2 protein chains.
Amino acid sequence: MQKQETLSKNQKIILDLIEKSDQPLKAYSILFDVKKKGINAPLQVYRALNKLVKIGKIHKIESRNAFIACKNSKCQIAKATVFSICESCEDVTEIHDHKLSEHLRDFKDNKGMKYNKYNLEFFGLCKKCV
Amino acid sequence: MQKQETLSKNQKIILDLIEKSDQPLKAYSILFDVKKKGINAPLQVYRALNKLVKIGKIHKIESRNAFIACKNSKCQIAKATVFSICESCEDVTEIHDHKLSEHLRDFKDNKGMKYNKYNLEFFGLCKKCV
DNA sequence: AACGCTGTGTAATAATATAACATATTTAAG
DNA sequence: CTTAAATATGTTATATTATTACACAGCGTT
Ligand SMILES: [Zn+2]
Ligand SMILES: [Zn+2]
Ligand SMILES: [Zn+2]
Ligand SMILES: [Zn+2]
């Protein structure tokens, strides 16, 4: 609750929109929706999205090229994301699993690589779609 | 060693190219390279890529929109992929870690979702780039 | 006042991926 | 062997996703 205040006008408009959706939104659908607020060009959207991703307010679902709000109020974890994605209805949920996070955080490869971020996407069928 | 034989002409051309590279290739760079072999259009490349991904011969690096050959000769695991990605030199390596695979395979969320696939991408700096 | 930093606005374009249509080839069944 | 289904091809056009380049505005620091 310290960075929220410093968001710019465009960043606020776009974060608001994404937070109102419980599902990921695509950049050009966001653009369409915020045109009434005076945001006219893709670049204005992408600039805001990039910033919001950077500060952890939203996450990008890489396999879907879409953006979802982070619901975790303590989310310092733009750098450690896990999602479940239903391949039928495309429902996306962010997962916070302590044990899994631990395993991922502690993972070491055999090449001496220094990790600072990961993204994990699970795919399958949700309860409704099985 | 049973599906290799059934690959079509275009699929073979494109798999060969990707296998010769130890790093991920992008679709339009592949297109450029295979034009001399008579493949002229993006769709011809994407169709082959999609098939090769499906049968596990290659994987898509989602965060990079690029495709890398699977080096695991027993790879039935198009559906369980882990990569490390250097954010400086963009070097990508597929990771096969038994313990990590187990944790991921056994992961259950609290929503009763039925998983059949996952993709995990680690980001950081490789030894050379630290 | 001069500078660095961040954000805005706009136009143009690059990069990634698919739709639609016609045809060919391979496979499996009758 | 014939037919039908499934898979692959070739081509054109188009959709979708994302960035480059340029001009300028606002703010805090020195
Ligand atoms: Zn989050
Ligand atoms: Zn579903
Ligand atoms: Zn593999
Ligand atoms: Zn590196």
Side-chain angles (χ1 to χ4, degrees), chain A residues 2-18 21 23-68 85 87 90 92 119 121, chain B residues 2-18 21 23-68 85 87 90 92 119 121:
Chain A
Q2 76 253 33
K3 286 268 175 90
Q4 176 78 286
E5 283 65 29
T6 77
L7 290 180
S8 76
K9 175 175 140 279
N10 288 0
Q11 288 158 12
K12 266 181 222 148
I13 291 171
I14 286 172
L15 178 57
D16 276 0
L17 182 68
I18 297 176
S21 168
Q23 287 302 301
L25 299 179
K26 306 207 136 206
Y28 276 74
S29 125
I30 292 170
L31 175 57
F32 179 85
D33 286 344
V34 297
K35 278 204 164 148
K36 46 182 165 287
K37 304 236 175 189
I39 295 178
N40 301 301
L43 188 48
Q44 295 176 288
V45 173
Y46 280 105
R47 283 196 282 224
L49 289 174
N50 290 343
K51 180 65 185 291
L52 293 169
V53 165
K54 206 182 202 172
I55 65 177
K57 290 292 180 187
I58 65 174
H59 304 301
K60 181 172 186 181
I61 311 299
E62 292 288 356
S63 65
R64 298 300 186 259
N65 299 315
F67 300 85
I68 194 169
I85 303 171
E87 290 184 300
E90 291 293 322
V92 173
N119 178 57
E121 299 182 3
Chain B
Q2 76 254 35
K3 285 268 174 85
Q4 176 78 285
E5 283 68 26
T6 78
L7 290 180
S8 76
K9 175 174 141 278
N10 288 1
Q11 289 158 11
K12 265 180 223 150
I13 291 171
I14 286 172
L15 178 56
D16 276 0
L17 182 67
I18 297 175
S21 169
Q23 287 303 300
L25 298 179
K26 307 206 135 209
Y28 277 73
S29 124
I30 293 170
L31 175 58
F32 179 86
D33 285 345
V34 298
K35 278 206 162 144
K36 44 183 167 285
K37 303 234 175 190
I39 295 178
N40 300 300
L43 190 48
Q44 295 176 287
V45 173
Y46 280 105
R47 284 197 283 225
L49 289 174
N50 289 343
K51 180 64 187 293
L52 293 168
V53 166
K54 205 183 203 172
I55 64 176
K57 290 293 182 186
I58 65 175
H59 305 301
K60 182 172 185 179
I61 310 300
E62 292 288 355
S63 66
R64 298 299 187 260
N65 300 314
F67 300 85
I68 194 169
I85 302 172
E87 289 184 301
E90 291 294 321
V92 173
N119 179 55
E121 298 181 3

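These numbers were taken from a predicted model, which means no experiment stands behind them. A note on names: the letters A, B, ... follow the listed sequences, proteins ahead of strands, and every chain is numbered from 1.
- One interatomic measurement links the two molecules: NZ of Lys12(B) to C1' of dT7(D), which rounds to 14 Å at whole-angstrom precision.
- Atom C1' of nucleotide dT17(D) and atom CZ of Phe32(A) are separated by 18 Å, given to the nearest angstrom.
- When the C1' atom of dT8(C) is taken as reference, atom CG of Leu43(A) falls 10 Å away, rounded to whole Å.
- Proximity of Ile39(B) to Ile30(B): side-chain heavy atoms (C-beta onward) are nowhere separated by under 4.5 Å.
- In this structure, the CD1 atom of Ile61(A) is 14 Å from the P atom of dT17(D), given to the nearest Å.
- The CD1-P distance, from Ile14(B) to dA17(C), rounds to 14 Å in whole Å.
- Applying the 4.0 Å criterion to OP1 and OP2 of dA18(D), one finds that Tyr46(A) has a side-chain N or O inside that range.
- No donor-acceptor pair under 3.5 Å is formed between the side chain of Lys60(B) and the backbone N or O of Asn50(B).
- Proximity note for Ala27(B) (side chain, C-beta onward) versus dA18(D), dA17(C), dG7(C): the nearest is dA17(C).
- In this structure, Leu17(B) and Ile13(B) have side chains that are not in contact, with every pair of non-hydrogen atoms separated by 4.5 Å or more.
- For the pair Lys9(B) and dT9(D), the criterion of a side-chain N or O lying under 4.0 Å from OP1 or OP2 is not met.
- When each of Ile58(A), Asn65(A), Val92(A) is tested with Pro24(A) by the rule side chain to side chain contact (heavy atoms under 4.5 Å, CB included), just one qualifies, namely Val92(A).
- In this structure, Tyr28(A) forms an aromatic stack with the base of dT17(D), since both conditions hold: centre separation below 5.5 Å and plane angle below 30°.
- In this model, the phosphate group of dG9(C) is approached by a side-chain N or O of Asn10(A) to a distance below 4.0 Å at OP1 or OP2.
- For the pair Ser8(B) and dT7(D), the criterion of a side-chain N or O lying under 4.0 Å from OP1 or OP2 is not met.
- When each of Ala48(A) and Pro42(A) is assigned the nucleotide of DNA chain C with its nearest heavy atom, Ala48(A) is the one assigned upstream, toward the 5' end.
- Rounded to whole Å, the distance from CG on Leu49(A) to C1' on dT19(D) is 14 Å.
- Looking at Lys37(B), its side chain never comes within 3.5 Å of a backbone N or O of Asn10(B) through a donor-acceptor pair.
- Listed nucleotides dA19(C), dG10(D), dG9(C) differ in distance to Arg47(B); the shortest reach to its side chain belongs to dG10(D).
- At least one side-chain nitrogen or oxygen of Lys60(A) sits closer than 4.0 Å to the OP1 or OP2 atom of dA18(D).
- Of the residues near DNA chain D, Gln11(B) and Phe67(A), the one whose nearest nucleotide (by heavy atom distance) lies more toward the 5' end is Gln11(B).
- Within the structure, every side-chain polar atom (N or O) of Lys51(B) is placed at least 4.0 Å from both OP1 and OP2 of dA6(D).
- Listed nucleotides: dT10(C), dT19(D), dA8(D). Nearest to the side chain of Ala41(A): dT10(C).
- Atoms CG (Asn50(A)) and C1' (dT8(C)) sit 15 Å apart, rounded to a whole Å.
- Leu31(B) places its CG atom 15 Å from the C1' atom of dT18(C), with the value rounded to the nearest Å.
- Taking only side-chain nitrogens and oxygens, Asn65(B) never comes nearer than 4.0 Å to OP1 or OP2 of dT17(D).
- Remark: the backbone N or O of Glu62(A) is paired with a side-chain donor or acceptor of Glu121(A) at under 3.5 angstrom.
- Residue contacts for Gln44(B): at a heavy-atom cut-off of 4.0 Å it reaches a base atom on one of the strands shown.
- Among the atoms of the strands shown, none is found under 4.0 Å from any heavy atom of Ile39(B).
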